[in-house]
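Accompanying notes for the structure given below.
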Amino acid sequence: MYWVTPRHLAGDDDALAERVGDTLVGLEWRMWPTARDTILYVSPNGLCGAEWIRASYPFELGGLPVAWQLSARLHADSAMPEWNAYFTAGVPHEALTDLLVAIDGYDKADFGVEGPEMVLAALGAQGWARDVDRPRAGASDPGFSCTFSLELLPPLVRDSDLRPDGVGWQAWAEPVLGAPYLWCTSFSASIPHGLVAAFASSLASPVPVSRRTLPISAGGRLSIVRRG
């Protein structure tokens, strides 16, 4: 067992499905398998869903297959999700589980007026630097191996906002410039910035995480704090 930093390069320890699933069960989300060989979890109020969709291979982000899809509706009978978020394998499960805890207890009143600044402030509090050219729409870790950016949405990332020029938060880890991404995530245009900030804050946390398997591509950039 290794305890390593930074978290955003630690990978998912090949346990993304299990760790996220355990968190959802602990939050009392209902679970069942689907006919598409996916596993669907639904929140107690029926408004939020989390689906392990890697087996169905719906589409890719940054050349990596999407593994988890999160979604939320304003009403249980709404035909269109209010927002969606997609995560590939390799994303640190701590950041995704912290996001799910935030979703489960989300109350817009707790955040007041939300905006992109919430996400950038969460990253800045952990020492991440804003993009020099786009200080209100992007930030990177001190080693420039992970980026958060407010961008035009990829073609298959949609929600209730059907405008063709929608933008949403995108994040990715690239341990070696020009090499394959370690993980990617995409948030649709309508997701509350407060929820993205919860994910960003956890992702950028300096607290070491435990891993049995370390990503090969990030080996030169991970610091092993201790071994078990």
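Nothing here was measured: the structure is a model prediction, and the numbers come from that model.
Here the CG-CH2 distance, from L40 to W29, works out to 9.5 Å after rounding to the nearest 0.5 Å. Of the inter-residue distances, the one linking E60 atom CD with L156 atom CG reads 11.0 Å to the nearest 0.5 angstrom. With rounding to the nearest 0.5 angstrom, the CG atom of D141 is 9.0 Å from the CG atom of L203. A distance of 12.5 Å separates CG of L74 from CE of M80, quoted to the nearest 0.5 Å. Interatomic distance, CG of L123 versus CZ of F148, reported as 5.5 Å (0.5 Å rounding).
Ring orientation note: the planes of W169 and H193 are nearly perpendicular, at an angle over 60° on the 30°/60° scale. Using cut-offs of 30° and 60° for the angle between ring planes, the Y41 and W68 rings count as tilted.
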Practice item. Could you check L195 against L99 for side chain to side chain contact (heavy atoms under 4.5 Å, CB included), going step by step and ending with a plain yes or no? Key: CA-CA 7 Å; L195 294 179; L99 170 59; 4.0 Å; yes

Review point. Should Q69 and N84 be marked as a side chain to side chain contact (heavy atoms under 4.5 Å, CB included) after you check the CA-CA gap, both sets of side-chain angles, and the distance that decides it?
Key: CA-CA 7 Å; Q69 176 183 353; N84 291 295; 3.1 Å; yes

Exercise for review: Could you give me the CA-CA distance, side-chain angles and deciding distance for R134 and E151, then say whether side chain to side chain contact (heavy atoms under 4.5 Å, CB included) is met?
Suggested key: CA-CA 11 Å; R134 303 169 64 239; E151 304 275 357; 3.7 Å; yes

Point to revise | Audit row: F187, Y86, ring-ring contact (aromatic ring centres under 6.0 Å, His included) steps and yes/no | key: CA-CA 7 Å; F187 300 90; Y86 301 89; 9.6 Å; no

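When the shell of 6.0 Å around CZ of R30 is examined, it contains more than 12 heavy atoms from other residues, nucleotides or ligands.
For Y57, there are no ring pair (Phe, Tyr, Trp, His ring centres under 6.0 Å) partners two or more places apart in sequence or in a different chain.
A side-chain donor-acceptor contact under 3.5 Å links S160 and E82. Donor-acceptor pairing under 3.5 Å is lacking for the side chains of E94 and S202. Side-chain polar atoms of S190 and D159 form a donor-acceptor pair below 3.5 angstrom.
Residues T88 and C184 have side chains in contact (heavy-atom distance under 4.5 Å, counting atoms from C-beta outward). No side-chain heavy atom of T185 sits less than 4.5 Å from a side-chain heavy atom of L61. Side-chain contact check for L100 versus L24: some heavy-atom pair is nearer than 4.5 Å. Residues L9 and L182 have side chains in contact (heavy-atom distance under 4.5 Å, counting atoms from C-beta outward). Side-chain atoms of E51 and R36, non-hydrogen and from C-beta on, do get closer than 4.5 Å to each other. Between W52 and L16 the shortest side-chain heavy-atom distance falls below 4.5 Å. A heavy-atom distance below 4.5 Å is not found between the side chains of S210 and Y2. The closest side-chain heavy-atom distance from C146 to W172 is not below 4.5 Å.
The residues R130 and E117 are annotated as salt-bridged, a charged nitrogen and a carboxylate oxygen being separated by less than 4.0 angstrom. Ionic pairing of R221 and E174 is not present here: no N-O contact between side-chain nitrogen and carboxylate oxygen is shorter than 4.0 angstrom.
Closest heavy-atom contact between D104 and P44: OD1-CD, 4.3 Å. Taking every heavy atom of both residues into account, W183 and H8 meet most closely at NE1-O, 2.9 Å.
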